[in-house]
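Residues take their numbers from the sequence shown, with the count starting at 1. Just so you know, these numbers come straight off a predicted model, no measurement behind them. No hydrogens, no waters, no symmetry mates; every other heavy atom, side chains included, goes into these values.
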Amino acid sequence: MQILLPGFLLRIFVLLSSICGLSVGSELSFVTCGSVIKLLNVKHNVRLHSHDVRYGSGSGQQSVTGVSAVEDSNSYWSIRGTSGASCTRGTAVKCGQTIRLTHVNTGRNLHSHYFASPLSSNQEVSAFGEEGEGDHLDEWTVQCSGSVWKREESVRFRHKSTDGLLSVTGEQYGRPIHGQMEVHAMSNPSQHSLWKVMEGVFMKPSESPAGGRDFAHTHTEF
């Protein structure tokens, strides 16, 4: 069954997919621009997560954590281009391409800077901006082994401005986010900085006519 998704309905569709367990665009072997995904830290088996809870130290921006729960709509991130380079919906994300990851439920971008993270004192990772618009510190480069980001491949995300790698090393928070793991950035690659795409809504190249860029085809399998 083919479904046309207007951009403003994407958030609702992602929520329904999470509740109903739909597998969307699962025949694609690579990750595409405009897709909405969950990212799993391979070493610690937690998904990249955010929520409207701010850090009590450092930047005071919206916190980013790792959670073990599979069915949590706060773990969905949208793959977008940067202010200087577009990411055409449905096209494969290339290895070495710089992207933004926007948290679907809050509209803030995965972000980093030289503030210290609260538990490990590594480089803080936060969510920043409003309605998907932040600044140059929201940009991450996809590090993978081939020409495009393959769904079965473990990859790294290097922060463009600071060279930090998105990482988890196992430190756990107490209240109000008890049991969630700290996500931070580290300079050296390791098993702690490997991520893999899991659940998601994977966009195919759009067949819409010019001017219909808010629409894309997805294939839904039950």
Side-chain angles (χ1 to χ4, degrees), residues 11 14-15 18 36-80 82-83 98-142 155-196 198-199:
R11 190 174 301 180
V14 165
L15 179 60
S18 178
V36 176
I37 60 172
K38 290 184 180 180
L39 288 167
L40 179 77
N41 183 275
V42 177
K43 174 70 173 177
H44 296 280
N45 198 36
V46 291
R47 284 162 174 75
L48 188 69
H49 181 91
S50 192
H51 37 229
D52 198 11
V53 177
R54 295 183 175 271
Y55 288 122
S57 61
S59 68
Q61 292 174 3
Q62 181 172 302
S63 58
V64 172
T65 63
V67 297
S68 58
V70 175
E71 296 178 356
D72 191 326
S73 65
N74 272 323
S75 299
Y76 279 112
W77 301 82
S78 175
I79 301 172
R80 303 173 60 232
T82 67
S83 58
T98 300
I99 60 171
R100 288 180 291 180
L101 290 169
T102 302
H103 188 242
V104 171
N105 282 353
T106 64
R108 296 190 173 101
N109 299 323
L110 190 69
H111 183 94
S112 193
H113 36 221
Y114 287 119
F115 287 99
S117 61
L119 300 182
S120 65
S121 296
N122 285 303
Q123 184 175 308
E124 183 188 272
V125 170
S126 63
F128 174 76
E130 297 294 336
E131 296 298 325
E133 296 305 319
D135 61 22
H136 68 287
L137 296 177
D138 302 337
E139 298 178 358
W140 299 81
T141 300
V142 180
V155 304
R156 292 186 171 92
F157 300 95
R158 185 175 291 279
H159 190 241
K160 184 176 179 181
S161 293
T162 66
D163 280 337
L165 291 163
L166 187 69
S167 304
V168 176
T169 49
E171 297 84 1
Q172 293 191 8
Y173 288 102
R175 294 181 180 178
I177 50 176
H178 179 75
Q180 296 186 23
M181 291 189 186
E182 180 184 87
V183 173
H184 48 249
M186 303 177 69
S187 58
N188 295 321
S190 70
Q191 293 296 310
H192 302 291
S193 57
L194 288 172
W195 299 83
K196 186 177 179 181
M198 302 301 287
E199 305 80 12

Check: Within the side chain of Arg156, is there an N or O that forms a donor-acceptor pair under 3.5 Å with the backbone of Ser190?
Finding: yes
Next item on the list: Please list, chain by chain and in numerical order, all residues satisfying side chain to side chain donor-acceptor pair (under 3.5 Å) with Ser50, sequence neighbours excluded.
Entry: Gln62
Check: Quick one: ring-ring contact (aromatic ring centres under 6.0 Å, His included) pairs with a partner in residues 118-141, sequence neighbours left out?
Finding: His111-Phe128, Trp140-His159
Check: Tell me the salt bridge (charged side-chain N to carboxylate O under 4.0 Å, His left out) pairs involving residues 180-190, sequence neighbours left out?
Finding: none
Item checked: For the student: nearest non-hydrogen atoms of Ser117 and Ser120, plus distance -> OG-OG, 3.0 Å
Item checked: Shortest non-hydrogen separation from Val183 to Tyr55 and the atoms involved -> O-OH, 4.3 Å
Checklist line | Leu165 versus Asn188, closest heavy-atom pair with distance | finding: CD1-C, 3.7 Å
Checklist line | Qualifying salt bridge (charged side-chain N to carboxylate O under 4.0 Å, His left out) pairs with a residue from residues 165-175, counting only residues at least two apart or across chains | finding: none
Notebook entry, point to check: Which value, rounded to the nearest 0.5 Å, describes the distance between Ser78 atom OG and Asn105 atom CG?
Noted result: 12.0 Å
Checklist line | Which residues share a salt bridge (charged side-chain N to carboxylate O under 4.0 Å, His left out) with Glu124, sequence neighbours left out | finding: none
Note to self: Could you go through Phe157 and Leu39, starting from their C-alpha distance and side-chain angles, then the distance that decides it, and tell me whether this counts as side-chain contact (heavy atoms from CB on, under 4.5 Å)?
What the structure shows: CA-CA 11 Å; Phe157 300 95; Leu39 288 167; 3.9 Å; yes
Next item on the list: Looking only at non-hydrogen atoms, find the nearest pair between Ala185 and Asn122 and report the distance.
Entry: O-CB, 3.8 Å
Check: Going by atom types only, do His184 and Ser167 share a side-chain donor-acceptor pair under 3.5 Å?
Finding: no
Note to self: Tell me every residue that passes side chain to side chain contact (heavy atoms under 4.5 Å, CB included) with Tyr114, counting only those two or more places apart in sequence or in another chain.
What the structure shows: Gln123, Thr162
Notebook entry, point to check: Pairs in or reaching into residues 107-120: which pass salt bridge (charged side-chain N to carboxylate O under 4.0 Å, His left out), with residues at least two apart or in two chains?
Noted result: Asp52-Arg108, Arg108-Glu130
Next item on the list: Only pairs at least two apart or in different chains count here, so list each salt bridge (charged side-chain N to carboxylate O under 4.0 Å, His left out) that has a residue in residues 158-169.
Entry: Glu139-Lys160
Check: In chain order, what residues pass the side chain to side chain donor-acceptor pair (under 3.5 Å) check against Asn41, with sequence neighbours excluded?
Finding: none
Notebook entry, point to check: Which residues satisfy the ring pair (Phe, Tyr, Trp, His ring centres under 6.0 Å) test with Phe115, sequence neighbours excluded?
Noted result: His113
Checklist line | Val70 backbone acceptor or donor facing Lys38 side chain under 3.5 Å | finding: yes
Notebook entry, point to check: Which distance, rounded to the nearest 0.5 Å, do you find between the CG of Leu166 and the NE2 of His192?
Noted result: 13.5 Å
Next item on the list: State the CD1-OG1 distance between Ile99 and Thr141, to the nearest 0.5 angstrom.
Entry: 8.5 Å
Notebook entry, point to check: Closest heavy-atom contact between Gln61 and Ala127?
Noted result: CB-O, 4.0 Å
Check: Do side-chain atoms of Ser63 reach the backbone of Val53 as a donor and acceptor pair under 3.5 angstrom?
Finding: yes
Item checked: salt bridge (charged side-chain N to carboxylate O under 4.0 Å, His left out) partners for Arg100, two or more places apart -> Glu133
Next item on the list: Give, for atom NZ of Lys196 and atom CD1 of Ile37, the distance between the pair rounded to the nearest 0.5 Å.
Entry: 13.0 Å
